[in-house]
Structure formats: C-alpha cells, structure tokens
Amino acid sequence: MAQSDALADILAEQLNLLENQRKTWEQHWQEIADYVVPRKADITRKRSPGDKRTTLIFDGTAIHAAELLSASLHGMLTSMSTQWFSLQYRDDAFNGDDTAREWLQSVQEIMYQSFARSNFQEQVHELYHDLITFGTAVMFIESDDERDINFSTRHIGECYLSEDQKGRVDTVFRRFKMPGKAIKQRFGIEGLSKKLQDRINENPVELRELVHAVYPRGTYDITKVTSENMPFASVYFEPEEKVVLSEGGFDELPYTAVRWLKSSYEVGYGRSPSFTSLADIKMLNKMSEVTIRAAQKQVDPPLLVPDDSFMLPIKTVPGGLNFYRSGTRDRIEPLNIGANNPLGLNMEEQRRQAIRSAFYVDQLILGQGPQMTATEVVQRTEEKMRLLGPVMGRIQAELLQPLIIRVYNLLSKRNMFPAAPEFMANMDIEIEYVSPLAKAQRQVDITSLTQMLELLGPVGQINPQVFDYIDFDGVAKHLIKVLGIPASAVKSDQDVFAAREERAAQQQQMMEQQQLAQGAESMGKAAPMVAAVNE
C-alpha cells in the first residue's frame, strides 16, 4: 500500500471517530435550523437547493432576534466604520518611542486596508449568525492574490472538531463537495483515483465529496522550511476511495473555531442562545399555529345545517343562495366554538418576551423615556453593552486573537509590511481591542478617574499638596490607552520631554531678563542717593 493511501486510511478512521462524537449534536442543530435559521436546515436531512424550508415556522420572533443579535455583535466588535483592534508593544518603553510607534501604526493601517479589501465583512457576519444559532462557528482564512486575504465561513454541518489539552480547537476535518471539473483543476487528474477520474469524465459538473483534514503534527523538522515540516498538517483526500489528493501544512491553524458557551465536559462544540430558548421557540410556533386555526374558525366558522329541508350543496360564498323548504324554521347557523383569543395572545407574548431575553434584545434595544437626558442615554447604553462582557472573553480568545494573528502572519509572508527598525528586532507585539464594546467595558476606569479628580478639586483648593499623590502623566497615558486614541494623534515621550525642556528654558530666560530689569530699575532708583552722598 502506498504511503499516501496509508495516511488516507488513518485520516478516514479519525474522521469516523469524530463523526460518532458529533452525532448527539446534530439533532439539536437540525431543530434549531428548522425554527431559527431555515436556510441552513440541512444537518440531518438533506434538501435540494431552493427547497421550501419554512413549513414548521408560524412565528418569526426567534429569526428576527437572532438576526438582531448577530448584527449587533458585528457592529460592536468588528465594524469597519471604526477601529476595533490596535497593536501595542509588550515593552512599554517602545510604546513611548516615536519611531517604533509609527512603524506599528503603519502595520496596523495595512491590516485594516486588507480587511476592507477582502470579503471579511460579509463572512464574519455569517460567522456571528452561526455562533448564536448553532453555538459553534468555523471560518477558514487563507491568502489570496487578488484581495490579499480570503475568508470563508463554513457550514457547521461540514465541520468535525477536536481540542487540545487547553480546551482550544486544534483539529478540523471538513467534509464538503466540489464539482468534478473544479477538483480536476485544483488537484490534477493524475492524483485522483481511477474511479473518480471516470466519474469526472462522465459528468464534470456533478458534485463529488472530499475531506480537508487540518491537525497538529506530532513531529516535524523546524530546520526545513517546507509545507511538510510545518506545525499543522493540511491533507485533502477522497473519503470513498481513501486516496490522498494533496498534502501540505500551515504555520498556524487556518481555521478559527469559536463557541458561544461551552461545558467543561463537552469536547469540540458549544451552546448558544438558541439552545437556551429552543423549548420556548417550539412552543411559540405551536401556539401560533393553534391560534391561527382558532382565528380561522371564528372568521370562517363551521356551520350547523339541518339534515333536511335544504337544497344541497350549501353555498358559503358571498352572494350565495341556499334554498330551504317554505314554512319550516330550519336555518344555517355558525357553530360557537367558545374560543378565547386574548388568553392565547397573552401566552404567546410571554413566550416572545422569553425568546427576546435569551437573545439579549432587551439589552440591545435601548428604551428611552421622555425625561431621559443625553448623559443618561450614554450611561445606559454603556451599561447594556457591558452585560455582554462574559461572552466577549471567549469570542476574543477563540475568534479575534487567532484571526488577527493569522492575518498578520499571512501579510508578513507576502512582504506587505515596511521593514522594521533594527533596534526593534524580536520585539513582542500585543493586541489591544478598541471596539465600541471593549471601550464600554473599560468605561468604569474613566469614570473612576473622573470622580477622583472631581473630589480632589475642592480639597486641593484648601491644601494643594494633596495633588502630589497624582501622577498626571500616568493619568494621561492611561486615558489614551483606554480610549484607544491612535498613535498619530498623540506625541511621543521624546517630543513631550523636548517640549518641556524648551518651555523650561524659555521660563528660565524670562526669569533672568526679569531679574536684570529689576536690577537696572533698582540701580536707577539708587543713583540720586549715591549722588547726594557724594556731594
């Protein structure tokens, strides 16, 4: 057996194990997709493209709530209308150096340009929607010649995940389909199995199934800069014939797999607001269906018809004529079903409110009273954004940080960054999140500083020495960092020091001139006295 075939056998066995581990999740995902995201409702049941998928939906509250939350996360975390991350040096001494900060600012601008040039905005919104519906979202990040970086959010039904000892996803198997001619163009006809070659030749547009396996290599030679000696292996193979199509590697995991919430004893996949509200969603749809039927019976009620004396059939259309025997009292009467529509509507509204609460709609939509001031609006907005803080920690660790690192490495390999100064060799760079949500979470620090200065003001008028406890330079640097002020708008430490020295020199010169003037004036006043003494 060839070595590639042996590798395909091993990977096919691992894929089988991952499929068995995922089976318990698939039914949950299918139900969530049926009621919350019907366009992706093909987890356990496969449907044809364009097939109707809304047969189970009688109320769209969950669909609208999920769309609102995904759009809000997009705007609060990764909106391109404002900066949502910045780069900082781990060594604070370099953060105050003008040359070092200008280089880092140029790197940051190039990264933002690449994000704007790519398809990041549309794909990350799709990722947020998967995250709050299925609880797990997967994105593939690769280099692209046309737009620098290409992002691709993958359907959860394609992906099989595994974790490392730290609970982070390090293994992704993706089962997907491609047209036969696309497979031939990408991998070449020679590397395909004989059976697949024949099928492609017969029908080049028919979809064929492939598997992309990315997993950490146990051993590799770091002295060899080849795709076969990278930390992560990348293997495409045919699952049916078990033949490897290509084998490569990555320096870091090209997939970002993020979970909304995750139990410590569950491996690979997470849970979402859709899991929390699934019972309410299913109940609301069933209640809406019953209410619609009850309303239909009231609008078009069943009829009580005598067993004789009428000429059949009964006509219920507008202007219809029904003949009955003259002289009888038999009439066609509606059946009173005793429906209580207000009770059903109230129960439905309770379920809708529970669903909106699960999707944070109450926190996302700010209700304004007639007497609310602008300051109160700002404070309540920041308070509501801070309520999403517990979930943001996992999103930053599993999505934003590996995403930014992956993009930085890809652009660096393409030599898109300017050459760094020599004194900055091997300097560590950290990521600072400056999105609107991150700023709202750090707003407490600014409020504390403001309150401290306001309270010390009256005390300082009595005893100015109380300000000796305040490092105003440190306060200014902390505010610049918390507010995410760009480096181009802030002077470096060297510029501040030079400005202060120049100001001190000017003050010293003015004091010397003032002393000379006072000396001359004193001599002028003393001259008559000296003359009188001499006389």
Side-chain angles (χ1 to χ4, degrees), residues 28-41 53-77 125 128-135 137 259-263 270-298 339-372 376-392 394-395 436-437 440-441:
H28 292 292
W29 293 341
Q30 184 63 51
E31 288 187 347
I32 289 173
D34 287 336
Y35 290 98
V36 184
V37 53
R39 59 189 174 88
K40 295 187 177 183
R53 300 170 179 234
T54 57
T55 55
L56 299 178
I57 298 176
F58 293 88
D59 186 276
T61 300
I63 297 176
H64 300 154
E67 292 176 351
L68 175 62
L69 180 55
S70 62
S72 299
L73 290 177
H74 188 189
M76 292 187 297
L77 289 176
H125 179 263
Y128 288 135
H129 202 271
D130 287 352
L131 180 61
I132 63 178
T133 51
F134 300 115
R259 284 75 58 91
W260 180 266
L261 293 174
K262 181 179 174 296
S263 299
R271 298 177 181 269
S272 67
S274 299
F275 279 82
T276 304
S277 58
L278 182 58
D280 289 326
I281 294 172
K282 295 170 67 176
M283 181 179 293
L284 175 60
N285 280 275
K286 192 63 178 179
M287 294 169 61
S288 297
E289 180 183 4
V290 173
T291 302
I292 291 171
R293 290 180 178 176
Q296 186 180 13
K297 290 179 181 179
Q298 288 184 310
N340 189 353
N341 289 339
L343 176 61
L345 295 176
N346 289 337
M347 295 179 65
E348 289 179 17
E349 190 59 32
Q350 292 176 1
R351 301 279 69 78
R352 291 190 182 96
Q353 187 60 36
I355 294 171
R356 295 190 186 104
S357 299
F359 284 94
Y360 298 90
V361 174
D362 296 339
Q363 285 76 28
L364 298 174
I365 298 179
L366 180 65
Q368 299 185 10
Q371 305 299 327
M372 189 179 299
E376 186 178 357
V377 171
V378 173
Q379 292 177 350
R380 291 186 60 182
T381 302
E382 294 171 352
E383 179 182 356
K384 291 179 180 294
M385 295 175 72
R386 285 196 298 268
L387 292 176
L388 296 173
V391 182
M392 294 305 103
R394 180 175 291 276
I395 293 179
L437 183 57
Q441 294 174 352

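Reckoned from all heavy atoms, side chains included, excluding hydrogens, waters and symmetry mates.
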Passing option when Asn285 is tested against Thr61, Leu56, Ile57, Asp280 for side-chain contact (heavy atoms from CB on, under 4.5 Å): Ile57
Inter-residue atom distance [X].[atom1] - [Y].[atom2], 0.5 Å rounding:
{"X": "His74", "Y": "His129", "atom1": "NE2", "atom2": "NE2", "answer": "13.5 Å"}
{"X": "Ile292", "Y": "Lys297", "atom1": "CD1", "atom2": "NZ", "answer": "13.5 Å"}
{"X": "Tyr35", "Y": "Leu278", "atom1": "OH", "atom2": "CG", "answer": "8.0 Å"}
{"X": "Thr54", "Y": "Asp34", "atom1": "OG1", "atom2": "CG", "answer": "10.5 Å"}
{"X": "Glu348", "Y": "Leu343", "atom1": "CD", "atom2": "CG", "answer": "10.0 Å"}
{"X": "Arg394", "Y": "Lys262", "atom1": "CZ", "atom2": "NZ", "answer": "6.5 Å"}

Hey, mind stepping through Arg351 and Asp59 against salt bridge (charged side-chain N to carboxylate O under 4.0 Å, His left out) and telling me if it holds? CA-CA 11 Å; Arg351 301 279 69 78; Asp59 186 276; over 6 Å; no
Nearest heavy-atom neighbours spanning [X] and [Y]:
{"X": "Ala41", "Y": "Ala33", "answer": "CA-CB, 3.4 Å"}
{"X": "Ile395", "Y": "Trp260", "answer": "CD1-CZ3, 4.3 Å"}
{"X": "Ala66", "Y": "Val36", "answer": "CB-CG1, 3.8 Å"}

Are the side chain of Ser272 and the backbone of Thr133 linked by a donor-acceptor contact shorter than 3.5 Å? yes
With the side chain counted from C-beta on, respond yes when Pro38 and Ile63 share a heavy-atom pair under 4.5 Å apart, and no when they do not. yes
Within the structure provided, determine whether Leu261 and Phe275 are in side-chain contact (heavy-atom separation under 4.5 Å). no
With under 30° as parallel and over 60° as perpendicular, where do the rings of Trp29 and Phe134 fit, or are they tilted in between? perpendicular
Is it the case that over 12 heavy atoms from other parts of the model lie below 6.0 angstrom from the CE atom of Met283? no
Under the side chain to side chain contact (heavy atoms under 4.5 Å, CB included) rule, what do Val361 and Leu68 come out as? Steps first, then yes or no, please. CA-CA 8 Å; Val361 174; Leu68 175 62; 3.9 Å; yes
Option from Lys40, Arg259, Arg39 for which salt bridge (charged side-chain N to carboxylate O under 4.0 Å, His left out) with Asp130 holds: Lys40
Show, in sequence, the C-alpha distance, side-chain angles and deciding distance for Gln350 and Asn346, and conclude whether the side chain to side chain donor-acceptor pair (under 3.5 Å) test is met. CA-CA 6 Å; Gln350 292 176 1; Asn346 289 337; over 6 Å; no
